[in-house]
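Please read all numbers here as calculations on a predicted model, not as lab measurements.
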Amino acid sequence: MLVNDRIRDLGNSLKDRLDPELVDYDLDYINHSENVLAFEMLCDHIADYDVKISNNEYKKILEIVDLLNLNLDNRYLYINPNN
């Protein structure tokens with residue numbers, strides 16, 4: 001599965017807990033070749049709106065972090081459901 005598809009799947013799975021329009025706004029950046037920005041904004045919105053994510057969703061986030069070669073910083077550590 002392509003990283004863009006993984007980001008879209010993650011975002012779509014959150015639409016029952018995060019405003020769907022906000023998710024669509026974040027995911028639209030993928031259409032402009034800005035998948036890192038789309039993913040970062042999605043993670044920021046998870047944190048900003050205190051969205052509870054599952055351990056499985058967090059695992060997917062960590063996989064995307066790895067695929068995008070991002071640093072595992074506070075943006076991603078903060079939303080860990082085990083904190």
**Request:** Run the numbers on K15 and N12 for side-chain hydrogen bond (donor to acceptor under 3.5 Å, both in side chains), then give the verdict.
**Result:** CA-CA 5 Å; K15 286 185 175 181; N12 288 326; 3.2 Å; yes
Legend entry - Spatial distance of atom CG (L70) from atom CG (L62) [nearest 0.5 Å]: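 If we round to the nearest 0.5 Å, L70:CG and L62:CG are 11.5 Å apart.
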Validation row: [X], [Y] side chains within 4.5 angstrom (heavy atoms):
| X | Y | result |
| --- | --- | --- |
| Y25 | D19 | no |
| N35 | Y29 | no |
| L77 | N74 | yes |
| D66 | L72 | no |
| R6 | K60 | no |
| L10 | I7 | no |
| D28 | D24 | no |

key: Working for side-chain contact (heavy atoms from CB on, under 4.5 Å), residues N71 and V65   = CA-CA 7 Å; N71 291 325; V65 166; over 6 Å; no
- Non-hydrogen atoms of V23 and L18 that approach each other most closely: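 Heavy atoms only, the tightest pair is CG2-CD2, 3.8 Å.
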### Task
Apply salt bridge (charged side-chain N to carboxylate O under 4.0 Å, His left out) to R8 and D5, showing your working.
CA-CA 5 Å; R8 281 188 188 99; D5 293 334; 3.6 Å; yes
Less than 4.0 Å between a side-chain N and a carboxylate O, is that true for E57 and R17?
->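 Yes, charged N to carboxylate O under 4.0 Å.
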*Return yes if some donor-acceptor pair links the side-chain N/O of Y78 with the main-chain N/O of D73 below 3.5 Å, else return no.*
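Checked: no pair found.
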Counting only pairs under 3.5 Å, give me each side-chain donor-acceptor contact of residues 36-46, with atom names and distances, residues two or more places apart or in other chains.
{"unit_1": "E40", "atom_1": "OE2", "unit_2": "R75", "atom_2": "NH1", "d": "3.4"}
{"unit_1": "D44", "atom_1": "OD1", "unit_2": "R75", "atom_2": "NE", "d": "2.7"}
{"unit_1": "D44", "atom_1": "OD2", "unit_2": "R75", "atom_2": "NH2", "d": "3.1"}
{"unit_1": "H45", "atom_1": "ND1", "unit_2": "D26", "atom_2": "OD1", "d": "3.2"}
{"unit_1": "H45", "atom_1": "ND1", "unit_2": "D26", "atom_2": "OD2", "d": "2.7"}
{"unit_1": "H45", "atom_1": "ND1", "unit_2": "M41", "atom_2": "O", "d": "3.1"}

